[in-house]
Engineer: 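Got a structure for you, written out below as structure tokens; questions coming shortly.
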Amino acid sequence: MAKAQEPFFQPPARFELTLEHVSAPRNEAFYTIRPLIPDPEHEFHSAWQLSGPREATLVWSTGFVGVEAVANVDRNTGNLNGKARTFTDVGSPPDTANFVARRTRC
């Protein structure tokens, strides 16, 4: 029996958007995304920014593969709804999916 294929890359199920600037040159407009349940087996860099009046872009990357989500911010709930796409450093065609993040109280 063939082994099930591992997912390409999957962002954490629960995360926090912080107001801490990403500590990398030229990324002053990006803030850090903190996973709420750290996973030492899957290390990645993550950041977010407001990319429009009611739009946010979130990025998770290992440096080789990753996911970018562009989502509208619901003004009533604070939830994010949009599209996510994968990317690689070798230019493979992206996979896309709907992206939903629900705001919860800390």
Side-chain angles (χ1 to χ4, degrees):
M1 181 180 274
K3 182 181 174 188
Q5 188 174 6
E6 289 287 322
F8 171 82
F9 179 84
Q10 193 167 9
R14 296 176 55 104
F15 57 87
E16 174 186 13
L17 301 180
T18 75
L19 294 177
E20 298 169 19
H21 285 282
V22 171
S23 59
R26 299 179 30 201
N27 285 329
E28 58 275 347
F30 280 88
Y31 301 96
T32 59
I33 301 173
R34 182 177 299 125
L36 293 181
I37 302 171
D39 182 0
E41 291 184 31
H42 298 96
E43 300 228 357
F44 52 86
H45 303 282
S46 54
W48 74 277
Q49 73 173 26
L50 289 176
S51 47
R54 289 191 186 88
E55 183 178 85
T57 299
L58 296 82
V59 180
W60 293 268
S61 175
T62 66
F64 301 104
V65 299
V67 174
E68 177 184 61
V70 178
N72 292 315
V73 180
D74 184 296
R75 70 169 41 176
N76 296 317
T77 64
N79 294 343
L80 301 173
N81 297 289
K83 292 282 185 186
R85 68 171 183 83
T86 59
F87 60 87
T88 72
D89 64 340
V90 294
S92 299
D95 291 319
T96 59
N98 291 328
F99 175 82
V100 177
R102 291 184 181 85
R103 184 177 186 182
T104 60
R105 292 198 178 270
C106 296

Engineer: Do the side chains of Trp60 and Pro12 get nearer than 4.5 Å, heavy atoms only?
Structural biologist: yes

Engineer: Answer yes or no: is there a side-chain heavy-atom contact under 4.5 Å between Lys83 and Thr96?
Structural biologist: no

Engineer: Hydrophobic cluster membership, with links at side-chain heavy-atom distances under 4.5 Å among I/L/V/M/F/W/Y: are Val70 and Trp48 in one?
Structural biologist: no

Engineer: Tell me, please, which residues at least two apart from Ser92 pass side chain to side chain donor-acceptor pair (under 3.5 Å).
Structural biologist: none

Engineer: Measuring from Arg102:CZ to Asn81:CG, what's the distance to the nearest 0.5 Å?
Structural biologist: 8.0 Å

Engineer: Are the side chains of Phe99 and Val67 in touch, meaning some heavy atoms are under 4.5 Å apart?
Structural biologist: no

Engineer: Output the distance between atom CG (Leu80) and atom CZ (Arg103), rounded to the nearest 0.5 Å.
Structural biologist: 10.0 Å

Engineer: So, taking the atom named CG in Asp95 and the one named OG1 in Thr88, what distance separates them when rounded to the nearest 0.5 Å?
Structural biologist: 10.5 Å

Engineer: Counting C-beta onward and ignoring hydrogens, is there a side-chain heavy-atom pair between Tyr31 and Leu17 closer than 4.5 Å?
Structural biologist: no

Engineer: At what distance, to the nearest 0.5 angstrom, does CZ of Phe30 lie from OG of Ser46?
Structural biologist: 11.5 Å

Engineer: Pick out which of Asn72, Leu50, Val73 makes a side-chain contact (heavy atoms from CB on, under 4.5 Å) with Glu55.
Structural biologist: Asn72

Engineer: Taking all non-hydrogen atoms of both residues into account, name the closest pair between Thr18 and Arg34 and its distance.
Structural biologist: CG2-NH1, 3.6 Å

Engineer: Please enumerate all residues that pass side chain to side chain donor-acceptor pair (under 3.5 Å) together with Arg85, with sequence neighbours excluded.
Structural biologist: Glu68

Engineer: Decide yes or no for Pro94 and Phe87: does some side-chain heavy atom of the first lie under 4.5 Å from some side-chain heavy atom of the second?
Structural biologist: no

